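Chain letters run A, B, ... following the sequence lines, proteins first and then strands; every chain starts at 1. What you see is a predicted model; the values in this text were computed from it and never measured.
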Protein chains: 2
Amino acid sequence: MGYNVMSRTCPSRVVLHRIGARWTVFVLNALEHQPLRFVQIKTHIQGITPKVLTETLRTLERDGLIARTDFEENPPRVEYELTVLGRSLLEPLRAVRLWAEEHVPEIQAANAVAAMEPDRR
Amino acid sequence: MGYNVMSRTCPSRVVLHRIGARWTVFVLNALEHQPLRFVQIKTHIQGITPKVLTETLRTLERDGLIARTDFEENPPRVEYELTVLGRSLLEPLRAVRLWAEEHVPEIQAANAVAAMEPDRR
DNA sequence: TAACTCGGTATCCAAAGCATACCGTCACGG
DNA sequence: CCGTGACGGTATGCTTTGGATACCGAGTTA
């Protein structure tokens, strides 16, 4: 398959940029074990604002990674869940997340060292 | 290890956001096989602007993922290469990149479907 | 009828990213 | 000795994305 993320016009470039979008990883991870409602996702991912969460969810839905179900009840109930496609992305992303959680000390150490070095200009 | 990316204050959150930064994946991938010079990286990653590349390189250097060597020659020669830490991130990231390259058609199809649906409001 | 819940918008501001032009140093060719 | 070019970036100005906070509409409950 002739896709190559390094090419400026390659569609895989777009896809990779989308995955890298600030909150994608967090949302997909939040939905790993069960469908969740808007407020539940927002609570789970501490610090995300409703506007950004809405945008992220819409994008993921358009890309076919999550499905949105509006039960049209009242008070409103809307659930988001991973699609098969979205679930297939979980494993690669989990590896990255685990790497992040494992290597925090090394990165903090590197930052500490860099902070005491004279600025390069 | 008590790190959890979902916590607002957790350092792993910062690390994960940094990995997800727009160009990190591309730069690390570019350096996979050998050290490269600034212009080589810029050529390899089509479409990145020099300003953004500079910022990305500085951040990666601060985080200890790449090393910068200035040979102080003339014309200037500066090489960037992965550190051991940076190299350890390659494998998780490669999985994500491959996923992106593999699932382009599905995502394009999902977008095509979404484009013909009436707007939800 | 007033308060509450939920799933968002509206508004405004800050930060990140992009396009383009330009710079300083030195080597080299003429 | 002067112009040209390579390299590794900066400078500038703009657009896009992200963030904080307030608010809304519908229906249910008290």
Side-chain angles (χ1 to χ4, degrees), chain A residues 5-9 13-27 30-31 35-63 66-81 119-121, chain B residues 5-9 13-27 30-31 35-63 66-81 119-121:
Chain A
V5 293
M6 294 306 183
S7 164
R8 181 207 293 263
T9 57
R13 162 76 64 93
V14 178
V15 170
L16 193 50
H17 264 158
R18 202 99 99 219
I19 297 172
R22 250 175 154 53
W23 295 101
T24 298
V25 186
F26 298 92
V27 171
L31 297 176
L36 290 179
R37 303 170 65 168
F38 189 90
V39 173
Q40 291 176 312
I41 301 175
K42 196 162 89 58
T43 306
H44 194 79
I45 307 172
Q46 296 178 25
I48 193 171
T49 63
K51 177 190 164 191
V52 171
L53 179 54
T54 299
E55 290 167 356
T56 305
L57 289 170
R58 295 279 183 276
T59 302
L60 292 176
E61 191 192 356
R62 279 215 330 271
D63 286 344
I66 63 174
R68 176 184 188 273
T69 308
D70 186 342
F71 290 91
E72 314 211 347
E73 297 175 358
N74 230 286
R77 184 157 72 97
V78 175
E79 279 190 0
Y80 294 92
E81 63 185 318
D119 279 2
R120 200 173 0 78
R121 212 136 303 278
Chain B
V5 294
M6 294 304 182
S7 163
R8 182 207 292 263
T9 55
R13 161 77 64 95
V14 178
V15 171
L16 192 51
H17 263 157
R18 202 100 100 219
I19 296 172
R22 258 177 148 51
W23 295 101
T24 298
V25 186
F26 298 92
V27 171
L31 297 177
L36 290 179
R37 303 169 66 166
F38 189 89
V39 172
Q40 292 176 311
I41 301 175
K42 195 162 88 59
T43 305
H44 195 78
I45 307 173
Q46 296 178 25
I48 193 171
T49 63
K51 180 187 165 194
V52 171
L53 179 54
T54 300
E55 289 167 358
T56 305
L57 289 170
R58 294 279 183 276
T59 302
L60 291 175
E61 192 192 355
R62 278 185 56 94
D63 287 343
I66 63 174
R68 177 184 187 274
T69 308
D70 186 342
F71 290 90
E72 315 211 346
E73 298 175 357
N74 232 288
R77 184 158 72 96
V78 175
E79 279 190 0
Y80 294 91
E81 63 186 318
D119 279 4
R120 201 172 358 79
R121 211 143 302 283

Report the residue (A:P50 or A:P76) whose heavy-atom-nearest nucleotide on DNA chain C is the more 5′ of the two.
A:P76
Protein N or O to nucleotides 26-30 of chain C N or O, pairs below 3.5 Å:
{"unit_1": "C:dC26", "atom_1": "O4'", "unit_2": "B:N74", "atom_2": "OD1", "d": "3.1"}
{"unit_1": "C:dC26", "atom_1": "O4'", "unit_2": "B:N74", "atom_2": "ND2", "d": "3.4"}

Name all residues meeting the side chain to side chain contact (heavy atoms under 4.5 Å, CB included) criterion together with [X]; count only those two or more places apart in sequence or in a different chain, and write none if there are none.
X: B:P35; answer: B:E79, B:E81
X: A:P50; answer: A:F38, A:K42
X: B:P75; answer: none

How many angstroms lie between atom CD1 of B:I45 and atom CD of B:Q40, to the nearest 0.5 angstrom?
12.0 Å
Give, for atom CD1 of B:I66 and atom CD1 of B:I41, the distance between the pair rounded to the nearest 0.5 Å.
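These two atoms lie 6.5 Å from each other.
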Atom [atom1] of [X] to atom [atom2] of [N]: distance rounded to whole Å?
X: B:D70; N: C:dT25; atom1: CG; atom2: C1'; answer: 12 Å
X: A:L53; N: C:dA10; atom1: CG; atom2: P; answer: 16 Å
X: A:R77; N: D:dT28; atom1: CZ; atom2: C1'; answer: 15 Å
X: A:E79; N: C:dG8; atom1: CD; atom2: C1'; answer: 16 Å

Restricting both atoms to N or O, compile the protein contacts to nucleotides 15-20 of chain D shorter than 3.5 Å, with distance only.
{"unit_1": "D:dG19", "atom_1": "OP2", "unit_2": "A:W23", "atom_2": "NE1", "d": "2.8"}
{"unit_1": "D:dG19", "atom_1": "O6", "unit_2": "A:K51", "atom_2": "NZ", "d": "2.4"}

Indicate every side-chain donor-acceptor pair of residues 13-25 of chain B with a distance under 3.5 Å to a residue at least two apart or in another chain.
{"unit_1": "B:R13", "atom_1": "NE", "unit_2": "B:V5", "atom_2": "O", "d": "2.8"}
{"unit_1": "B:R13", "atom_1": "NH1", "unit_2": "A:Q46", "atom_2": "O", "d": "3.1"}
{"unit_1": "B:R13", "atom_1": "NH2", "unit_2": "A:Q46", "atom_2": "O", "d": "2.9"}
{"unit_1": "B:R13", "atom_1": "NH2", "unit_2": "B:V5", "atom_2": "O", "d": "3.3"}
{"unit_1": "B:R13", "atom_1": "NH2", "unit_2": "B:M6", "atom_2": "O", "d": "3.1"}
{"unit_1": "B:H17", "atom_1": "NE2", "unit_2": "A:R22", "atom_2": "O", "d": "3.1"}
{"unit_1": "B:R18", "atom_1": "NE", "unit_2": "B:D63", "atom_2": "OD2", "d": "2.7"}
{"unit_1": "B:R18", "atom_1": "NH2", "unit_2": "B:D63", "atom_2": "OD1", "d": "3.0"}
{"unit_1": "B:T24", "atom_1": "OG1", "unit_2": "B:R18", "atom_2": "O", "d": "3.2"}

Can you name the salt bridge (Lys or Arg N to Asp or Glu O under 4.0 Å) partners of B:E73, sequence neighbours left out?
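In terms of salt bridge (Lys or Arg N to Asp or Glu O under 4.0 Å), with neighbours along the sequence ignored, B:E73 is linked to B:R77.
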If I compare all heavy atoms of B:A30 with all of B:L36, which pair ends up nearest, and what's the gap?
O-CD1, 3.4 Å
At under 4.0 Å between heavy atoms, what does A:Y80 touch on the DNA or RNA strands: base, sugar-phosphate, or nothing?
sugar-phosphate
Looking at A:R68 and A:R58, would you say the former's side chain and the latter's main chain have a donor-acceptor pair under 3.5 Å?
no
Residues from residues 37-45 of chain B lying under 4.0 Å of DNA chain D - heavy atoms:
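Nucleic-acid contacts, sorted: B:R37, B:F38, B:V39.
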If you check every side-chain atom of B:R68, which of C:dG8, D:dG8, C:dA21 has the closest atom?
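Nucleotide nearest to B:R68's side chain: D:dG8.
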If we only count heavy atoms from C-beta on, is the A:L57 to A:Y80 side-chain gap below 4.5 Å?
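A:L57 reaches A:Y80 side chain to side chain.
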